[in-house]
Amino acid sequence: MSQGFSTRAVHAGAAPDPVTGSRAQPIHQTSSFVFKDADHASKLFALQEFGDIYTRIGNPTCSALEARIADLEGGAMGVATASGHAAQLLAFHVLMAPGCKIVAAKQLYGGSVNQLSHAFKKFGWSVEFVDTGDLAAVEAAMDDTVRVVYTESVANPGGGITDMAAIADIAHRHGVPYMVDNTMASPYLCRPLEHGADIVVHSLTKFIGGHGNSIGGMIIDGGRFDWKAAGDKFPTLTEPQSFYNDLVFSDGFGALPLGPDGAEIDIAFAIAARAFSLRDLGPALSPFNAFMIMTGCETLPLRMDKHCQNARAVAAFLKTHDKVSWVRYAGLPDDEQYELAQKYCPKGTGGVFTFGLKGGHAAGVKLVASVALFSHLANIGDTRSLIIHPSSTTHSQLSEDAKAAAGAAPDTVRLSVGIEDAADIIADLSQALDQI
Ligand SMILES: *Cc1c(COP(=O)(O)O)cnc(C)c1O
């Protein structure tokens, strides 16, 4: 019988160490692993046997974290990476080639907009940003060069909820996978694979690690996309790979008996992300960070409930404040996205949301200078309450139109509400608003 989420958040991927009996996940702080013999070594290199070779490609502490997050997301296999950005880079690297296009949400996190529109351009990958709240616009962007549709489940910083089932439907009708950044919601609040997504990526830096102390990322292969049915769109997965004895990944890893009770699962995408992209591009997660993030993950359900509860209270307080012009939190019953939020995030929409100040840009700058309990910084998902004025920081490089589209207009302030006492969080905002 499958166990509940909180049980799996503590136990998935981490049995007691069979050699030492160590109950906590050991940190395998080693760069490389001794081969049993020459035959073992050659099988590992040919992908005929799974095992660790070198920590850039895999490490047992990172594997434990990969198994845990894949389990929590309901995916087939995870690949840990050095950061959320590295997870995006590696996932796109499997799917893309020069001349191919990503259809991505305009509402993406500002750092992701930068990565997709500037860094990826040098690879010859193009991107078309669309308002994913407008399904006709998504449909209109689909052409033969598209290889993937990419959105967040809950958008950072705008807080908008993506209608994932509808977007998945469009991607699938055009024969391409749908990839979702589930950083803001975490698998406790939302599991995109249950709503049609094929691949999930995370910045583990945020709610999953949860304590603002470690950078990390994760790719989760949902194991359901039919790569062969997409024709010649994904040669990395469907054509013989000379480096690996002409292995075709979608054949070799398309139906392995690794699921519960020996069920067959497709891990071709995850293996390619590791065996090509991680191996050759190199942004591996450190075992120490994997340990920190696993420890954080154990309290994910407790923390997310508290983040949601506090965020609801803070949003309700701001709604009635005379210096606040609007509050955008889909967890409030009168929000225009409340129904969509109930469908995708019934337990709550998380700790991050935005609101507008009547005083515009200047008021935003004054507010972040006046808080005391809140930390003014560029992060979300910490136990501590965090505040930022996106227009003057994370989104400052975007045009006014792009800022507005991303939910980062000049009057907008983003909060990542922590797990302190709600009364203290509200008192701090109240005194800071008084100073405007
Ligand atoms: C922070 C963040 C990222 C990037 O993750 P890093 O770990 O900082 O590289 C990607 N997506 C979202 C939604 C984020 O909040």
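All ligand and atom numbering here is 1-based and tracks the order in the structure.
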Asks: Between the side chains of E152 and Q107, does any donor sit under 3.5 Å from an acceptor?
Replies: no
Asks: Could you tell me whether G84 and ligand 1 have an N or O pair separated by under 3.5 Å?
Replies: yes
Asks: Parallel, tilted or perpendicular: which one describes the rings of F249 and F253, with boundaries at 30° and 60°?
Replies: perpendicular
Asks: Specify whether F225 and H172 have parallel, tilted or perpendicular ring planes, treating 30° as the upper limit for parallel and 60° as the lower limit for perpendicular.
Replies: tilted
Asks: Find all atoms of ligand 1 within a distance of less than 4.0 Å from any non-hydrogen atom belonging to T205, and give their numbers and elements.
Replies: 7 (O)
Asks: What about H361 and H389, are their ring centers closer than 6.0 Å?
Replies: yes
Asks: Which ligand 1 atoms does S83 reach within 4.0 Å, using its non-hydrogen atoms?
Replies: 7 (O), 9 (O)
Asks: How far is atom 3 (C) of ligand 1 from the closest protein heavy atom, and which atom is that?
Replies: Y109 CE2, 3.4 Å
Asks: Measuring centre to centre across the rings, with the benzene-like ring taken for any Trp, is F276 within less than 6.0 Å of Y244?
Replies: yes
Asks: Any N or O on E152 sitting closer than 3.5 Å to an N or O of ligand 1?
Replies: no
Asks: Mind checking whether F234 and W227 have parallel, tilted or perpendicular rings, split at 30° and 60°?
Replies: perpendicular
Asks: How far is atom 12 (C) of ligand 1 from its nearest protein heavy atom, and which residue and atom name does that atom have?
Replies: D181 OD2, 3.3 Å
Asks: Heavy-atom distances under 4.0 Å decide this one: backbone, side chain, both or neither, for I380 against ligand 1?
Replies: side chain
Asks: Looking only at protein heavy atoms, which one is nearest to atom 9 (O) of ligand 1, and how far off is it?
Replies: H85 N, 2.9 Å
Asks: Does the separation of the ring centres of F92 and Y150 fall below 6.0 angstrom?
Replies: yes
Asks: Between S203, A86, A155, P157, flag the one that comes closest to atom 5 (O) of ligand 1 by a heavy atom.
Replies: S203
Asks: Go through ligand 1 atom by atom and flag the ones less than 4.0 Å from a non-hydrogen atom of G216.
Replies: 7 (O)
Asks: Among side-chain atoms of D305 and Y188, is any donor-acceptor pair under 3.5 angstrom?
Replies: yes
Asks: How close does the nearest protein non-hydrogen atom get to atom 2 (C) of ligand 1, and which residue and atom is it?
Replies: K206 NZ, 2.4 Å
